[in-house]
Peer 1: 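This is the structure, below, for whatever I ask next.
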Amino acid sequence: MKIRILFFLNLAVTVCLAQIGVSIIPQPVIMKVNSGNFIIDAHTAIQFNSNQKELKSAADFLTTNVKNISGYSLQINVAKQKVIQLMIVEMPQIGDEGYQMDVTTTSVTIKANTKSGIIYGIQSLLQTLPAICTNVTLQVPCMNITDYPRFKYRGMHIDESRHFFGPDVVKEYINLMASYKMNTFHWHLVDDQGWRIEIKKYPKLTSVGAWRVDHNDKVWGSRPQAKPGEEATYGGYYSQEQIKEIIKYAAERNITIIPEIEMPGHVASAIASYPALSCTQKPQLPLTGGNYTDMSSNYCAGNDSVFTFLEKVLTEVIELFPSKYIHIGGDEVDKGPWKVCPKCQAKIKTDHLVNEEGLQSYFIKRIEKFMKSKNRKIIGWDEILEGGLAPEATVMSWRGEAGGIEAAKAQHDVIMTPGSPVYFDHYQAGPEGEPLAIGGMNTLKKVYDYEPIPKELNAIEAKYILGAQANLWTEYVTTAEHVEYMVLPRMLALAEVLWTQKENKSWENFNERLQSHFKAFGQKGLHFSSGNFTVSIKPTSQNAKLFVNLSTEIMNAQIYYTTDGTEPTLSSNKYTDPIEINLSLLLKASTVVNGRIMGAQAARQNFVLHKAIGKTVTYTNPVSKYYPADGPNSLTDGVKGTDAVGKHWHGFSGNDLIANIDLGEEKNIQSIGLGCLQNYNDWIFLPQSVLFESSIDGIIFTEIKTIPNTLDIKQKKAMFEFKADFPILSARYVRVSAKNNLCPVGHSGAGKPGWIFVDEIVVE
Ligand code: TNX
């Protein structure tokens, strides 16, 4: 029996001391690890000068964490052999959030200008300890750290409207953020599918607007609407008391909470509660998911009582949240209802506004004026640039970086949250084998490589970029476990983007440090993604021949592949150099680490051989930089687009596709096809028609055929190949022209240019 106990103790010691090296994330500015350790045990105490009262909560924070790890209760301000000293001292060179930590065998000293810095020092200290390790002494390696952040805004967002998680999950989220020195929590409390904050003056916002008929078992976009009489059982909201408690919890961890009270769109929940707020004033039931048919989702912008309502709501919000910023949304306003609303139209006339964009700008400016009177500043999504930016607004750039660049050039503060790569509702691997996500692919490496300051800005403009933020929209994320999985470990990569000095970043070194964080997640029972094991299959053309490059993000991994449709094993081909594709085939590839095939499924790609494979395509109008697919020759790489918007497709916005292909020599051809995608909600439409032409000399082209579009422009999703079959002819050059569409009447972009998405010109 005794032996068994000893055995277990031994094991525990081995596990606890296995924390080899120091693996702090984000990487500090200067760190020197020395020999020896500081031991935390019953002879250790925390000390601080009792005149620095604000340090009491920092000391408590450390005590609680050490107790959770080892079971020791560190005493505060009592005489002991070994001390952890917390000190606020003037150190101008490290700024408000910086800290300095010196660990020797007899003391740990954490110094900073503010309590925030002290807390960050404590977080670094905690990262040197095991996650859980009861009944043994804890060792902190001797070291010297000087540390401070690169950006002052380091944000994480969560959408609690689409799914409601409740106080425990939110606190855990805040705690995780704090461990990685993120400092701003953007709390999305209002959206179409649920109003989540108690407003005393308007109780129906939560008694009605926080509850919906439960269709959570169905995918977001295919949920039926609520029917009259059905019971609304899914939802919830935060009482003002709960909010106060969460704000305090966050503040103890250096986290500011910015609430988002969305307006003037995305507010079907408010309208379900108080129908008089919309243009039509028609009653409606809370939305169950993504079906907006006959729903009002905007406030009426021409009705003064809407502003009275909002001012009262915002007054209560301001009383609760001490944050300098309040987020007022502003995204994706469907201007359709304003176009046909007499009150909105009258407002446009009397205030000499240019159009509905002007009306949106008027709305936001009016709210900004009110917020300014209360000494607060507004943040809005980048749509608030439309029709003119409110004078002091801060812009959150989510539709790429263009909005952020425009705002910074106009001397407005900016927070970068571009969908690619910091939307954490997008896939991080797979998508095969991953939980269903909204689309897109933001892998850990993509997040790590993100640079928040766009090249387009000069040094002065760059100062307006306050930092960046990851957004976790939750249409597809319904549980705490899933929340953890989507942010871990991507949040750690973002933390390093935002805190660590650019020159200290290293993907290899980050991966090494990540291993001990994975171990800690495991010990704490947190759900996380262990990496993007999906092999990237990238076609390229060289000398008019088609090759594929295979690569993996995983460090120290190999790739094994097959071309006969079988699953790769360790006896399949090992990838070394680009593979030439000279017949139609199905390629499958897997990542192998330490002799094990990793990932849920092998990556796979079908290649279809035809006469234009590997040939160079030149465009008369440029392809959008946002949809480059796999590079210039994606239309002749033997890979056909799938229904995933981002992959394989070349996008053209507002102009026609005119593609010229040089077949290299005269060839006999008898058919040409062009694959196209329609995705109505994403403003992507099949072209009006496609013209196919051929030429011998590349100068004079002869029409072969024009194929008109026959699909209904309102069809939500479709893939279609425009194909011309014809008697054999000889041609060296082929030209394919596809005519762009405007968004149709009834579409949220009605009258504006749409996109065409094309992939693979198949010449046979
Ligand atoms: C766009 S980002 C939205 C959200 C959705 C999200 C899904 C933004 C300001 N608006 O309402 O949840 O896409 O990725």
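Read the numbers this way: they start at 1 and go in the same order the structure lists the ligands and their atoms. Below, each value reflects all heavy atoms present in this structure, side chains not excepted, and no hydrogens, waters or symmetry copies. Just so you know, residue 1 is the first one in the sequence shown, and it goes up from there.
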Peer 1: Pick one: which of His157, Glu160, His327, Glu260 meets side chain to side chain donor-acceptor pair (under 3.5 Å) with Trp187?
Peer 2: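 The passing option is Glu160.
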Peer 1: Under the rule for side-chain contact (heavy atoms from CB on, under 4.5 Å), what residues qualify as partners of Thr443, not counting sequence neighbours?
Peer 2: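 Thr443 satisfies side-chain contact (heavy atoms from CB on, under 4.5 Å) with Met441, Lys445, Lys446, Asn532, Glu553 once adjacent residues are dropped.
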Peer 1: Give the intermediate values and the outcome of side-chain contact (heavy atoms from CB on, under 4.5 Å) for residues Trp398 and Tyr423.
Peer 2: CA-CA 9 Å; Trp398 73 278; Tyr423 266 36; 3.1 Å; yes
Peer 1: When rounded to the nearest 0.5 angstrom, what distance separates CZ in Arg376 from OG in Ser323?
Peer 2: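 Those atoms lie 6.5 Å apart.
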Peer 1: Tabulate distances under 3.5 Å between N/O atoms of ligand 1 and N/O atoms of the protein, writing both atom names on each line.
Peer 2:
{"from": "ligand 1", "atom 1": "10 (N)", "to": "Asp331", "atom 2": "OD2", "distance (Å)": "2.8"}
{"from": "ligand 1", "atom 1": "11 (O)", "to": "Arg162", "atom 2": "NH2", "distance (Å)": "3.1"}
{"from": "ligand 1", "atom 1": "12 (O)", "to": "Arg162", "atom 2": "NH1", "distance (Å)": "2.8"}
{"from": "ligand 1", "atom 1": "12 (O)", "to": "Glu475", "atom 2": "OE1", "distance (Å)": "3.4"}
{"from": "ligand 1", "atom 1": "12 (O)", "to": "Glu475", "atom 2": "OE2", "distance (Å)": "2.5"}
{"from": "ligand 1", "atom 1": "14 (O)", "to": "Asp425", "atom 2": "OD2", "distance (Å)": "2.7"}

Peer 1: Do the non-hydrogen side-chain atoms of Trp338 and Cys279 ever get within less than 4.5 Å of each other?
Peer 2: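 Yes - at least one pair of side-chain heavy atoms lies under 4.5 Å apart.
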Peer 1: Looking at Phe424 versus Trp473, is the centre-to-centre ring distance below 6.0 Å?
Peer 2: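 Ring centres of Trp473 and Phe424 not closer than 6.0 Å.
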